[in-house]
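Sequence lines set the chain letters: A, B, ... in the order given, protein chains first and strands last, and positions in each chain run from 1. What you see is a predicted model, and the numbers here were worked out from it, not measured in a lab.
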Amino acid sequence: MNPYETLDEIFFWSPAVAKKSMFDINRLWDPKFKIGPKMKVATYGSCFAQHIGRALAGRNFNWMIAEPAPQGLSKDNSKKFNYGIFSARTGNIYTTTLLAQWVSWATGDVSPPGEVWEKGGRYYDPFRPNIEPNGFESREEMKVSRSLAVEAFKKSILECDVLVFTMGLTESWFNAEGGYEYPMCPGTVAGEFDEKKHQFVNQDYTQIRKALVSCLRGIKKLNPKLKVLLTVSPVPLTATMSGKHVLVATMESKSILRAVAGSVASELRFVDYFPSYEIINSAPYKGAFFEPNMRSVNPVGVNHVMDQFFSCLQDKFPLKLPEKRIVDAGSDDAVCEEELLNAFQGGGK
Amino acid sequence: MNICVIGSSHVAALKAAWDNEAAAWPVRMTFFAAPGGIASKVKSSEGIICSTDNRLKEFWKKTSGGEEKVNLRRYDALVIVGLQFSFPLLRAGLSRQVREVLISDVFCFSKTFSFISMVRKSFSGPIVVCPRPLYPEGSKAATREDLVESFDDTLEALEEEGSGLQILFTPPPLKALSTDRRFTRPEYLSGAPSLKGGEFNADKDFDREAHANEAYGSLVLREIFEKLGISQID
């Protein structure tokens, strides 16, 4: 008798994967804690996090929107102005250090920098550069809007039961003088790139893990009942500054993020990891869940990920789940600032 | 002047006020009211507004005193009441872009404005639009917008957006609102008349959350006449 003999079939590749249709591969996640339909769930992070929020709402779960669209704004315009994309109008939070930055603003430990980007007489928020399609009409309007987003972010952290954070990138841009981070390289959406001031940092495992643990512990102090669910975005990089081929850079980045997520989920009892990255990206799925550009995740993939999410929850914590509503799971309508980098491909080369 | 009032259950407050004040005004008013869910299920052709919905026809017959169709040629002005149109409350901190888009959305997607667009093709007289009352303080529905500002700017933006259809707006009457202009005062909601079964019933305390009373209707009546340039009989 050896220890493998008593293992469940999910621990063996052949019965769990090779002998199954990819759509029948199941029990991929063993949830640490219950996420019930009434629990408030806040979602932030990279582009893929948007699908989680929408899927939760689509199943009549309590997706927390702390900064709702004003009453009367149409669905299309709500999306255009980034309402109901994440739990507050933060825009994409791609890195763990950016998440930590938002938390520091929410706690009041640090004030948001005064930097404002101007382009064509309009004003852009360096930390949410695409939050309004044509920027703001004044610096003051931009700052008021950001302060509302910070307040809403804080409210969501204080009041939610579960925080879902989707880790997206290791590559980041910092203001070397101010020591703060931008979600996008200055000069892409707006702003002006200054090589003396703007510093590229491809964060390594240690830096990312340290920022995440410290940030999550800080959040836990604010809201002791909080649980955190980490995911890693399966969406490849649009562009890389690493000097490596974008495919190699993508695999390296995602591998680091995946390793950090797993390690932190193992260490902290209130943190879990959901394998959306594996479901979309691993070999048995043959890339079938990507659009022809091999980057965007298609609606079938999004639905499959979310079906796995809810079925694993249901297996572990049998719940009377609300009926699924029909939701548009289209991947192409995810709001993703990073894709704007596509506009710069081949420029000057 | 002959005025046609078309609307949802919110017409009841106006009708209750009109019943007491008709003698004071040099106009004739005919009411066509039906619940909001069916009130816009109509077609319009060559000045006749009609519906294939029997329930709506029944409501119109009862509320107008016998008419199942609206013949717009008989009227000098049209007043739209409620019809699921709410005065948009803009919370503080919204950018100008969002405000503009919001007002535009209110126009594009509300049943009121598709109704007016349809009617406008065959009616050239003034059209006055009266929104449903604001919710009272403490109402669950009222808490969605927490900090309201720029009431006047909102009205101005609505009038600008509606200028293509030559719409005149009457905002919720200021006298009936809380000082912050966010809520309807409770005294204008208690004793709201209903439109149950097509009968204007002023004896019932219908719905203090969504519907206003005769006193509110009286204020709206004055706003409408002011927009139409009508003065009381001396």
Heavy-atom pair with the smallest gap, counting every atom of A:Leu73 and B:Asp105: CD1-OD2, 3.6 Å
Shortest non-hydrogen contact from B:Val98 to A:Pro70? CG1-CG, 3.9 Å
For A:Glu137, check side chain to side chain contact (heavy atoms under 4.5 Å, CB included) against everything at least two apart and list the hits. A:Arg122, A:Glu141, B:Arg96
Return the CD to CG distance between B:Gln97 and A:Asn77, rounded to the nearest 0.5 Å. 10.0 Å
Part of A:Leu148 lying under 4.5 Å from any heavy atom of chain B: side chain
Chain B heavy atoms under 4.5 Å from A:Asp76: which part of the residue, side chain, backbone, both or neither? neither
If you draw a 6.0 Å radius around [atom1] in [X], do more than 12 non-hydrogen atoms from other residues or ligands fall strictly inside?
X: B:Glu226; atom1: CD; answer: no
X: B:Glu156; atom1: CD; answer: no
X: B:Glu159; atom1: CD; answer: yes

Test side-chain hydrogen bond (donor to acceptor under 3.5 Å, both in side chains) applied to A:Arg89 - qualifying residues, sequence neighbours left out: A:Tyr83, A:Glu132
